[in-house]
Undergrad: 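The structure is given below, and queries will be raised subsequently.
Quick note: numbers below take in every heavy atom, side chains included, and nothing from hydrogens, waters or symmetry partners. Naming: A, B, ... by sequence-line order, numbering from 1 per chain. Being a predicted model, the structure only gives us computed values, none of them experimental.
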Amino acid sequence: MKANPRDVRTGTYYMDGDIAAGYGALAAGCRFIGGYPITPSTEAAESFARIAPQSGAVFVQMEDELASVASIMGASWSGVKTMTITSGPGYSLMMEAIGLGAMMEAPFVILNIQRGGPSTGVPTKTGQADMMQSRWGSHGDYEVIAISPDSPQELFDFMIKAFNLAEKYRCPVMVMSDECVGHMSEKVVVPPAEEIELEPRRIYTGPKEEYLPFKPDQDLVPKMVKAGDGYNLYVSGASHDERGYPIIYQKGKNQSDSTARRLVDKIRLNADKIIELHEEKLDDAEVVVVSYGITSRVAVRGIELARKKGIKVGKLRLVTVWPFPDQRISELAAKVKAFVVPEINYGQVVYDVERCSHGEANVVLVPHGGAGVHDPEDILEAIEYAATEKKKIRKVIIRKTRLEKKVFGGGLK
Amino acid sequence: MDVHPMDDVLRMDRIPHIWCPGCGIGTAVTAFAEGLKKAEIDLQKTCIVSGIGCTGRVAGYVKLDSFHTTHGRGIAFATGIQVANPDLKVIVFSGDGDIMSIGGNHFIHAARRNVNMLVICVNNFIYAMTGGQVAPTTPHAAYATTSPFGAVEPPFNIPYIADSSGAVYVARWTVLQVRRLTDSIAEALKKPGFSVIEVISPCAMYYSRINRLGDGLDMMKFYHDNTEIRHGEDTKNLDIGFQTKIIVGKFVDRERPTYMDSYNKWLSGTVKD
Ligand code: SF4
């Protein structure tokens, strides 16, 4: 299915990432955004609010984040593509409902323009510290998909990707950007509508009497109808059977287990189809820099500097952060000496790299407290260390940045 | 096979329901089912949303498009349904704890916007399913498990909040006045905009037991002797005390453009292609 020309502002722009995200959401066919303003994500909401009415789409500034995310789930079951936009503290407030979204299998997208934390932290500056919150933030067992753009162009492109994934897997999809990408102005090309491929909703078309809203297809994802179609749907946040009826025990099997298990499995078992990675210079690499979002652009410089010094280092960029590319990291761990993981946090995704490396390769974290991006020299230092360390150190090795050494003194080996 | 008179609006395959003997929620649902029929609205275009708790279970027993959401978020969820498809009429059917406490912010803002929905709030003065804790509607001095010396805080007057936030239709009934409640529901269902009906209901399991008020039947007797119908009463005067007189009736019935009407009208005048 192609994008609707009415929704696509085709052209070449010089715009910031937040604005590009608003354009991307509309091009993806988003018809409703319920949002609550929070720095540094506001321009994305403002951008959508400005262009939405001309396309018949609606932006409602809800009373809070809890309302925002609840409203988009209602809208999703009304049959439209929908999203919300937020940042750190707002994202935390959405966590309860993200579990509901997973349980109701309502397709929707959340754009998180991450900022520094904890708490109010640095509202106007960058961070990557909500990564684990995306994965584990709501209560109970479920899986989401999280993708991480590294440029304004990708903020446009990934909105479309996110909506497509949401429709395909009927789960919350997180676009985990950050203030740097959100506020960075670059060239953004909005292609003509006929070049934008959209995933249509998985609509049920069989006999009406036979429809079961939570009966999965082969790929574990059920087909959807919408409110007002005359199916008398029952959609509940409680553990339910295929009819949607809340049931705890059924014919001796624990229903709660089977509901949650499918929500997890439909992502885990389809992970190969979902995961997208960008790999560079991995053929001869002894050290691999694993990064995502804005950090993957800074890592490029660190890698260049190291290559100039003759170190065999390559780049693995996580376009999809969740589900995590367990398989690929494990394969690489068997071949390489070490991973270097720069993140704008004190260690989140790095622990999954460590988990998948099974102690076969060293894992070096280059942390950053936020508000800015890494100095490529810090990444270079970590690469040099990783390339020379002979011992297998079976825990994450945390490198202090030069700034930290200056402030806190000393340094970890 | 015998067909139950409510068969077309209730999910009979889910009966028996979970409510205790003497609970008023079932009566409120009966009135609702009758009201739905009486209103003669298109049931295919009607949705019901609940939060959680005893009353939160209502959505699951009614044969409409039903959404059983999380604590307090029913109104926000319903706002999304309504905005995304203004042809749908949404009913939010939940308890006082759900709608007036954790959902309080959503309530006042949906009323302010005049989103086209009917909110039926069953007020039994207590958190029931959670086990009898104090609610924002618990009358002053009434006991609850978390107010073991009697509630200190003054309770919310639901019609007053609804009225002052902009609701277009506000009524209160007890579950004893089934016919009036039914008529009120039918009337409110046809009214475009944000309507609120408060339904005073016994929680025989917690509220009446903790406060030694007898069983559900005793509570009904109390309503019989202590309610007074005062249509058009100023909503300021509708506070409910502990075992004091309860004023019921239709208090507000006014016209205001709905949220989507205002939205479309405003934008069609201001947005250029
Ligand atoms: S606990 Fe109270 S409100 Fe809940 S079903 Fe029993 S009587 Fe009704």
Undergrad: Which word best sums up how the rings of Tyr234(A) and His68(B) line up, parallel for under 30°, tilted for 30 to 60°, or perpendicular for over 60°?
TA: parallel

Undergrad: Could you give the distance from CZ (Arg113(B)) to CD (Gln61(A)), rounded to the nearest 0.5 Å?
TA: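 Here the rounded value is 8.5 Å.
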
Undergrad: Counting heavy-atom pairs closer than 4.5 Å to chain B, which one of Ala227(A), Gly237(A), Pro53(A) comes out on top?
TA: Ala227(A)

Undergrad: So which residue, Asp87(B), Thr79(B), Leu88(B), ends up with the most heavy-atom pairs under 4.5 Å with chain A?
TA: Leu88(B)

Undergrad: Going through the distances and angles, do Thr69(B) and Met104(A) end up as a side chain to side chain contact (heavy atoms under 4.5 Å, CB included)?
TA: CA-CA 9 Å; Thr69(B) 69; Met104(A) 288 188 164; 3.9 Å; yes

Undergrad: If every non-hydrogen atom of Ala70(A) is compared with every non-hydrogen atom of Ala76(B), which pair is closest and at what distance?
TA: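 Closest pair (atom of Ala70(A), atom of Ala76(B), distance): CB-CB, 3.8 Å.
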
Undergrad: Taking Ser78(A) for its side chain and Ile81(B) for its backbone only, find out whether a donor-acceptor pair lies under 3.5 Å.
TA: yes

Undergrad: If you count the non-hydrogen atoms of other residues, nucleotides and ligands that lie under 6.0 Å from NZ in Lys226(A), is the total more than 12?
TA: no

Undergrad: Which residue, Arg112(B), His106(B), His109(B), forms the side chain to side chain donor-acceptor pair (under 3.5 Å) with Glu63(A)?
TA: His106(B)

Undergrad: For Tyr259(B), look at atom OH and say whether over 12 heavy atoms of other residues, nucleotides or ligands are found less than 6.0 Å away.
TA: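 Buried by this count: over 12 neighbours within 6.0 Å.
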
Undergrad: Show the nearest heavy-atom pair for residues Ala84(B) and Val80(A), with the distance to one decimal.
TA: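 Where Ala84(B) meets Val80(A) most closely, the heavy atoms are CB-CG2, 3.7 Å.
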
Undergrad: How long is the span from the CD1 atom in Ile48(B) to the CG atom in Leu233(A), to the nearest 0.5 Å?
TA: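 With rounding to 0.5 Å, CD1 (Ile48(B)) is 13.5 Å from CG (Leu233(A)).
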
Undergrad: Just checking Glu194(A): does its CD atom have more than 12 heavy atoms from other residues, nucleotides or ligands closer to it than 6.0 angstrom?
TA: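 It does: Glu194(A) CD has more than 12 such atoms within range.
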
Undergrad: Would the number of heavy atoms belonging to other residues, nucleotides or ligands and lying under 6.0 Å from OH of Tyr231(A) be above 12?
TA: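 Yes.
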
Undergrad: Considering all heavy atoms of both residues, which atom of Asn105(B) and which atom of Asp64(A) are nearest to each other, and what is their separation?
TA: ND2-OD2, 3.1 Å

Undergrad: Looking at side-chain heavy atoms only, is the closest gap between Gln82(B) and Ser71(A) below 4.5 Å?
TA: no

Undergrad: Ion pair present between Glu96(A) and Arg73(B), side-chain N to carboxylate O less than 4.0 angstrom?
TA: yes

Undergrad: If you look at every heavy atom in Tyr263(B) and Phe59(A), which pair is closest and at what distance?
TA: OH-N, 3.9 Å

Undergrad: Inspect the surroundings of CZ in Arg256(B) and state if more than 12 heavy atoms from other residues, nucleotides or ligands are less than 6.0 Å away.
TA: yes

Undergrad: Please report the closest heavy-atom contact between Val83(B) and Val60(A), naming both atoms and the distance.
TA: CG1-CG2, 4.2 Å

Undergrad: Which region of Ala97(A), side chain (C-beta onward) or backbone (N, CA, C, O), has a non-hydrogen atom less than 4.5 Å from a non-hydrogen atom of chain B, or is it both or neither?
TA: neither

Undergrad: Between atom CG of Asp229(A) and atom NZ of Lys45(B), what is the distance when rounded to the nearest 0.5 Å?
TA: 6.5 Å

Undergrad: Does the side chain of Arg11(B) come within less than 4.5 Å of Tyr245(A)'s, by heavy atoms?
TA: yes

